[in-house]
Novice: 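Before I ask anything, here is the structure I am working with.
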Amino acid sequence: MPFALAGVIAGTGGVALLYFSWSGRLQRRAPVLVLAWTLVALSFWLWPRAVGVEFGTVMASLQLSLAAWVLIIANPHVRRSRGRRQEPATTNLPRLQAMAWHAARFLLAVPLAAVASTAMVLAAVSLLPWADVDRLALAVLAVPLVWGLVVYWALLDWQLLRPALGIVAGGALGMTVLYL
């Protein structure tokens, strides 16, 4: 228990010194800052001695943050802004054409690419002479990789039609192999 009490005192003292130095109540001198950070580090050494390493680091972190919040909430001095009051910014929505373009990119890259890449991988894996479990494991590992590559291609190409046709063709080929 003496280590826990010493940890509370050291941590609270270190946080208080840092807070008062930051708020301007103490001069920002190097010895004050070194002492403050030394007390904070000391609390991270004392708390694990009191309750063990697992709980000690958590308790030290909680105690430091609680001490900081108490000091902030107890601060009676509230500064007023000296700057001019800013008017709220207006929002500018993009053009309908741009929104449609990005919606088409999203539909191409997320659902269509996911279905097509899954069909392509399952078709390719079904042609392997392995056991069902091995083919399934390879498919589970390969689908995210192929999907990522297809999405990369769909979003990298400036033309929307070329990746769309390629993705649809790959998905159709995969479905044909799967269902024939």
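Predicted, not measured: the structure shown is a model, and the values here were computed from it. We count residues from 1, following the sequence as given. For the numbers below, each heavy atom of this structure counts, side chains included, while hydrogens, waters and symmetry mates do not.
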Novice: Distance from Met59 atom CE to Leu66 atom CG, nearest 0.5 Å?
Specialist: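 Between Met59 CE and Leu66 CG, I get 9.0 Å after rounding to 0.5 Å.
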
Novice: Given the rule in the side-chain contact (heavy atoms from CB on, under 4.5 Å) test, do Val34 and Thr38 qualify, once you have shown the distances and angles that lead to the verdict?
Specialist: CA-CA 6 Å; Val34 168; Thr38 303; 4.0 Å; yes

Novice: Say whether, by atom type as modelled, one donor and one acceptor occur between the side chain of Ser117 and the main chain of Ala114 under 3.5 angstrom.
Specialist: yes

Novice: Are Leu128 and Leu141 joined in one hydrophobic group, where the rule is that I, L, V, M, F, W and Y side chains link up if heavy atoms are under 4.5 Å apart?
Specialist: no

Novice: Not counting sequence neighbours, list each pair that qualifies as a side chain to side chain donor-acceptor pair (under 3.5 Å) and has a residue in residues 91-106.
Specialist: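 Pairs touching residues 91-106 that pass the test: none.
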
Novice: What's the shortest heavy-atom distance between Ala142 and Val121, and which atoms?
Specialist: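 Distance-wise, the nearest heavy atoms are CB-CG1, 3.9 Å.
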
Novice: When you group the ILVMFWY residues by side-chain heavy-atom contacts below 4.5 Å and let the links chain together, are Leu46 and Val8 in the same group?
Specialist: no

Novice: For the hydrophobic clusters of this structure (ILVMFWY residues joined by side-chain heavy atoms under 4.5 Å, transitively), does one cluster hold both Leu138 and Val143?
Specialist: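 Hydrophobic grouping puts Leu138 with Val143.
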
Novice: Other members of the hydrophobic cluster containing Leu165, with the 4.5 Å side-chain heavy-atom rule, please.
Specialist: Leu161

Novice: Just grab all the side chain to side chain donor-acceptor pair (under 3.5 Å) pairs involving residues 39-48, residues at least two apart or on different chains.
Specialist: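 For residues 39-48: none.
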
Novice: I'd like to know if Phe106 and Val151 are part of one continuous hydrophobic network [Ile/Leu/Val/Met/Phe/Trp/Tyr, side-chain heavy atoms within less than 4.5 Å].
Specialist: yes

Novice: Give me the atom names and distance for the closest heavy-atom approach of Leu39 to Gly13.
Specialist: CD1-C, 4.0 Å

Novice: List for me each residue that meets side-chain contact (heavy atoms from CB on, under 4.5 Å) alongside Val177, sequence neighbours excluded, and say none if there are none.
Specialist: Ala123, Ser126, Leu127

Novice: Considering only Ile, Leu, Val, Met, Phe, Trp and Tyr, and joining two whenever side-chain heavy atoms are under 4.5 Å apart, list the other residues clustered with Leu180.
Specialist: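 Grouped by the 4.5 Å side-chain rule, Leu180 forms a cluster of one, so the answer is none.
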
Novice: Would you please test Leu112 and Val168 for side-chain contact (heavy atoms from CB on, under 4.5 Å) and show each step?
Specialist: CA-CA 8 Å; Leu112 185 64; Val168 168; 4.0 Å; yes

Novice: Which residues pass the ring pair (Phe, Tyr, Trp, His ring centres under 6.0 Å) test with Tyr19, not counting sequence neighbours?
Specialist: Trp22

Novice: Who clusters with Leu62? Use side-chain heavy atoms, under 4.5 angstrom, across I, L, V, M, F, W and Y, and order the result by chain and number.
Specialist: Val58

Novice: Please, which pairs that meet side chain to side chain donor-acceptor pair (under 3.5 Å) have at least one residue in residues 49-58, sequence neighbours excluded?
Specialist: none

Novice: Which residue pairs satisfy the side chain to side chain donor-acceptor pair (under 3.5 Å) criterion with at least one member in residues 140-168, sequence neighbours excluded?
Specialist: Asp157-Arg162

Novice: Compare every heavy atom of Gly171 with every heavy atom of Ala119, then report the nearest pair and how far apart it is.
Specialist: CB-O, 3.9 Å

Novice: Taking transitive links into account, so neighbours of neighbours count too, which hydrophobic residues share a cluster with Leu96 at under 4.5 Å side-chain distance?
Specialist: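 Taking Ile, Leu, Val, Met, Phe, Trp and Tyr as members, Leu96 stands alone, with no cluster partners.
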
Novice: Thr118: which residues meet the side-chain hydrogen bond (donor to acceptor under 3.5 Å, both in side chains) condition with it, sequence neighbours left out?
Specialist: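 For Thr118 there are no side-chain hydrogen bond (donor to acceptor under 3.5 Å, both in side chains) partners, ignoring immediate neighbours.
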
Novice: Please report the interatomic distance CG(Leu149) to CG(Leu156), rounded to the nearest 0.5 Å.
Specialist: 11.5 Å

Novice: Do you reckon Phe20 sits in the same ILVMFWY cluster as Leu33, going by side-chain contacts under 4.5 Å, direct or chained?
Specialist: yes

Novice: When you look at Trp37 and Leu18, which way does the side-chain contact (heavy atoms from CB on, under 4.5 Å) test go after all the steps?
Specialist: CA-CA 8 Å; Trp37 285 110; Leu18 287 173; 3.5 Å; yes

Novice: Shortest non-hydrogen contact from Ala113 to Val150?
Specialist: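 Between these two residues, the closest heavy atoms are CB-CG1, 3.7 Å.
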
Novice: Measure across Ala67 and Val15 and return the closest heavy-atom pair with its distance rounded to 0.1 Å.
Specialist: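 Closest heavy-atom pair between Ala67 and Val15: C-CG1, 4.1 Å.
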
Novice: In chain order, what residues pass the side-chain contact (heavy atoms from CB on, under 4.5 Å) check against Ala164, with sequence neighbours excluded?
Specialist: Leu108

